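In the text below, chain A, chain B and the rest are named by the order of the sequence lines, each starting its count at 1. Note that the coordinates shown come from a computational prediction; the quantities given were computed from them, not determined experimentally.
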Amino acid sequence: MAEEEASATIECFSLSCSSAQLLTAQVKLTLGVARRFASPPSNSHARRHSSILSTTKQQTMSKLALIRNALSSRPSHQLRSAQAGSLWASSHRFLSTEAGTDGASSGAPFFQSSSDGLVYGRITGRVQNMLGKNMLKTDLIHHLEGSDLSFHDVKFDYNRVYFLTGVLVQFPSRSSFENGHKQLRLKGGLFNLQKIDRSEWDIKSSYDGKAVLMEGIPFNATQDDLERFLSGCNYDSTSFQSVTRTERSDSDPIRIVMVRFPTQLDASHAYTSKNRSFCLNAPINMRILQ
Amino acid sequence: MAAKSALLRSPTFLPKLLPPFPLRLISTSPPLSQEPQLEPSPSPPSPTPLPPNPSTGSPFYNENWRTPQPTAAAAASLVPVPGQSTAAGHMMAFSQILDLSGIMNLFADYVASQRWNDIKSVFEYWVRSLDESGKPNKPDVNLFNHYLRAQLMLGADSAELLDLVQAMQEFAVLPNAASYNLVFEAMVKELESLNNQQYESADSQSRKTALVEATTKLFDKMLAEGPLPDDGSFNLVVGLLIKAKHFDPALTYLDLVPKYGRTLNQGVYNGCIQFLLNSNKPDTATSFIDKCKASAENKNLVPTWNLCHHIAEVAFRSDNSKLAYQSLEYFARWIERGEKTRPQVQLSVDEGLAAAALGTASRTYDSKLLDGSWQILKRSLRQKKLPNPETYLMKINAYASLGQVKKAFETLNELEMAYRDAENTNPELFSPFTSLHPLVTACCRNGFSSLDAVYLELEKWSQAEKPYKSIAALNCVLLGCANIWDLDRAYETFQALEKLGVTPDIHSYNALLYAFGKHQKTSEACNVFEHLVSIGANPNATTYSLLVDAHLVNRDPKSALKVIDEMVEAGFMPTKQMLKKIRRRCSRQMDYDSDDKVQNLARNFNIRMGNEVRREILFNLQYSTNY
């Protein structure tokens, strides 16, 4: 239902951009509708009546609700507009600022949709596909502040050689998705956000900060050597996975091993104490996978 | 002599520069040969030579400019001249009457409208025409540079331009840095076209090396004798060398930049840092950045945001704390810049990056980097969010490795205030055995003296106006005492907990158990265990492992196995280290029953025990008297 509201407001916008007269006509229509329903005390009347009407009328009714709210309860918006006399200018501005919140609340009962309003998005880096190598989940949540995300709403998407290619985010509602867009713009426009399907989200699993990547392991290191490297840390000894990666076209391949830990604190303890220590004469770089 | 040299040079000069038609058509007489003027016949033996030709400044002085010049009408009537419009003819005629400043203005217009052909033809014509005083027009450096620019835009080769620059000297005009810059530009253009070629042939490779050599030679010449290179020259040459991947000469020139007080432009700056990082020279990068910051002109240069990330990455990988600090400074400058622009852009540094910086600080013992990374973390979070507990732990680790115990405890205080009562905090967050272990080692660094100092400090803090009573901090002291095998102090500290007004938690009991177990006071250790069970504190995995250790120190594998059974009943899983220790004890004591039990346990819990080959090496040394 939030999406319908948003699309209704976007329609409204496009109309206004194209021809002002059309919108004034529409506003007159809605006002006429308002007058016809004489003095409806609350929004419930409007809703009952509109359930009989067609979907377009439903949208105008929702706009009606918005405009009624504009006229009755927000005189400050009218005062703010330069041409105070022009009704459609004030309502136009009202539609632009209040659409997300009011529309959701007033349109809730009759715009039921199957999912519970979750919107999925994918964040990628804008320049050279670079997302920070050291980005944590909390960093991303802080970047998108105001979108009401929790730790489990973010999944990092790594490719086969554990290079971060994108981040999948589950937004609780459409408005928080829009807010995410706004926040990304505000924070320097370094990332792109695009909408994805739910199926992509469901497929991906997250390491949740409980896995650590060890880079630069010598090729002749056995599992025993790795366990000796990680001595003192509480890791899951069945979870070693080894991959080879070549950094750039002209450099040597390095061996990368991923190991899982039972809790996030264990992983970070291993990272703190063992990063850049030695396994068979080679210093090992470690990274925590989110 | 000058005349003679000019004379000899002029016939070759002419055809290259000009299409031959104007002169030939204008003068009806045959091309002027200079013979009538000078005779190479043996001159009379008069030793005094003639004074040099006073008319310098234009090679055309040697031509017979006393022939009447074509009038404007005649010039305009050169319509049948191929390839020239009447407009150009008009221009040429018009230009005849212009003097130097007039021609400069005209060329400025042409440059703005990019009429390179016009510039070229007008210049060539003007140079041949006479000025007001009847002498051939003499261009100056700027005019000549315009001409060079026109030639460059029309696609002249760098070699041709170089020849033209040398020809400038015949006009007694010294080329300045701008002229050479145009030559460099031509070289850069050529290199780029070579780089953009799809297939690298040996031919293009050799051409590239030839280009690079030519550039370096020219630049060296400029440095040695010619006009001093200006900003543009440095930028062009260094840029070219970087693109051609010849880094060593680039480095030498970069060193000269501050010496001559030149400014690098942004692109070249980025390129330099990029190649220094890619070629695995973080120290050179550090010194380059330092030099640029020291010079007044270059200190405002900041690499791009992504490049800053790359610098930080390289610094962390190679544990180079200076480079890491420089990258943090760049980040700070970017954040400031972002906040000053309108609309405001709130850039922020990832917390993960700050945590990695803290790690590097702890490994390289650099307190400046520690402070810097914490500051930039605070700046990036902008008070909207607290740092993660793991970041606090890394800061404690850094302070502990630096030996600044007091600051480490202050950080512990912050951590407790932030996260002690949070809902989903891991209880192991404040465990001195794992998370706060660096703090424990820092406490007992100098043995009992440092432990006493810490304890007294904590006592003072607990009695201050804002009392700081922290069981986690006292647990660290307790475990420190146990680590240095000081049982008495450990017990005293435990008893003092009550006096200080804190209740012991499971970690305190674990530390006490550890202290007793180490001294082979197994019965006391078991008493502690029963005591804590009777109070109602739940033993955790550490408790059981310490208890097993206590029994093993007492050389009692059977009791150890009993503890493991209890542990399994309580829902914990025995670890591989525990089972290996028991197995070793069994094999030393040849206790085969217990060994079987251990094997069963390992099989039940799917623990791959492995062998003891490396440990046995010491016992299997072959001593012999053979050499």
Would you give the length of the straight line joining atom CD of B/Gln346 to atom CD of A/Gln183, rounded to the nearest 0.5 angstrom? 8.0 Å

Between the CG atom in A/Asn285 and the CG atom in B/Asp319, the distance rounded to the nearest 0.5 Å is 8.0 Å

For A/His143 versus B/Ser348, what's the shortest heavy-atom pair and its separation? CE1-OG, 3.8 Å

Between B/Glu428 and A/Thr263, does a side chain to side chain contact (heavy atoms under 4.5 Å, CB included) hold up when you go through it step by step? CA-CA 10 Å; B/Glu428 289 286 310; A/Thr263 69; over 6 Å; no

Closest non-hydrogen contact found for A/Leu265 with B/Ser435 is CD2-OG, 3.8 Å

Heaviest contributor of heavy-atom pairs below 4.5 Å to chain A, chosen from B/Thr360, B/Leu381, B/Asn606, is B/Leu381

Is there a donor-acceptor pair under 3.5 Å between the side chain of A/His269 and the backbone N or O of B/Thr434? yes

Candidates B/Leu393, B/Asn397, B/Leu358 - the one meeting side chain to side chain contact (heavy atoms under 4.5 Å, CB included) with A/Thr272: B/Asn397

Atom of A/Arg276, atom of B/Phe316 and distance for their closest heavy-atom approach: CD-O, 4.3 Å

Contact leader toward chain A among B/Arg317, B/Lys576, B/Arg608, where contacts are heavy-atom pairs under 4.5 Å: B/Arg317

Could you grab the distance from atom OH of A/Tyr271 to atom CE of B/Met394, nearest 0.5 Å is fine? 5.0 Å

State plainly whether the residues A/Asp139 and B/Lys385 are in salt-bridge range, i.e. N to O under 4.0 Å. no

